[in-house]
Amino acid sequence: GRGFSRVIQGGTFFLLIIAAGLLGYDDYGIFLTYGIYTFFTQRQPEIPCRNEVDELTFSRVLLAIVAGVATILALVPIQ
C-alpha cells in the first residue's frame with residue numbers, strides 16, 4: 001500500500017543523502033539540510049487537486065517556472 005511505499009521512498013532518500021555525504025558530493029551540507037527539513041515538515045501526504053480537468057493559465061505556468069528557477073539558483077552553490 002501507500003504506507004509501505006512511503007517507508008521505502010524515505011529510506012532510499014536518506015540512504016542516498018548519506019552516501020552523497022560519505023562520497024564527498026555534499027561539501028556544503030545542502031542535501032543533509034534539505035533531508036532533515038523535509039523529514040520534519042512533510043509528515044503527511046499532500047492533498048490531491050480537487051479539479052484536475054481545467055487547463056492551466058499561462059500566468060500560472062510562468063509563475064511556476066520562475067519559482068523553480070529561483071529555487072534552483074538559491075540551492076545550488078556557485079563557485
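Note that this is a predicted model, so its numbers are computed, not measured.
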All N/O donor-acceptor pairs, side-chain side in residues 59-75, below 3.5 Å, sequence neighbours left out:
from  : atom 1 : to    : atom 2 : distance (Å)
Ser59 : OG     : Thr57 : OG1    : 3.2
Thr71 : OG1    : Ala67 : O      : 2.8

Of all pairs that satisfy side chain to side chain donor-acceptor pair (under 3.5 Å), the ones with a partner from residues 13-23, not counting sequence neighbours: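 As it turns out, there is no side chain to side chain donor-acceptor pair (under 3.5 Å) pair with a partner in residues 13-23 once direct neighbours are skipped.
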same_hphob_cluster(Tyr34, Phe14) at 4.5 Å side-chain heavy-atom cutoff: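 Result: yes, single cluster for both.
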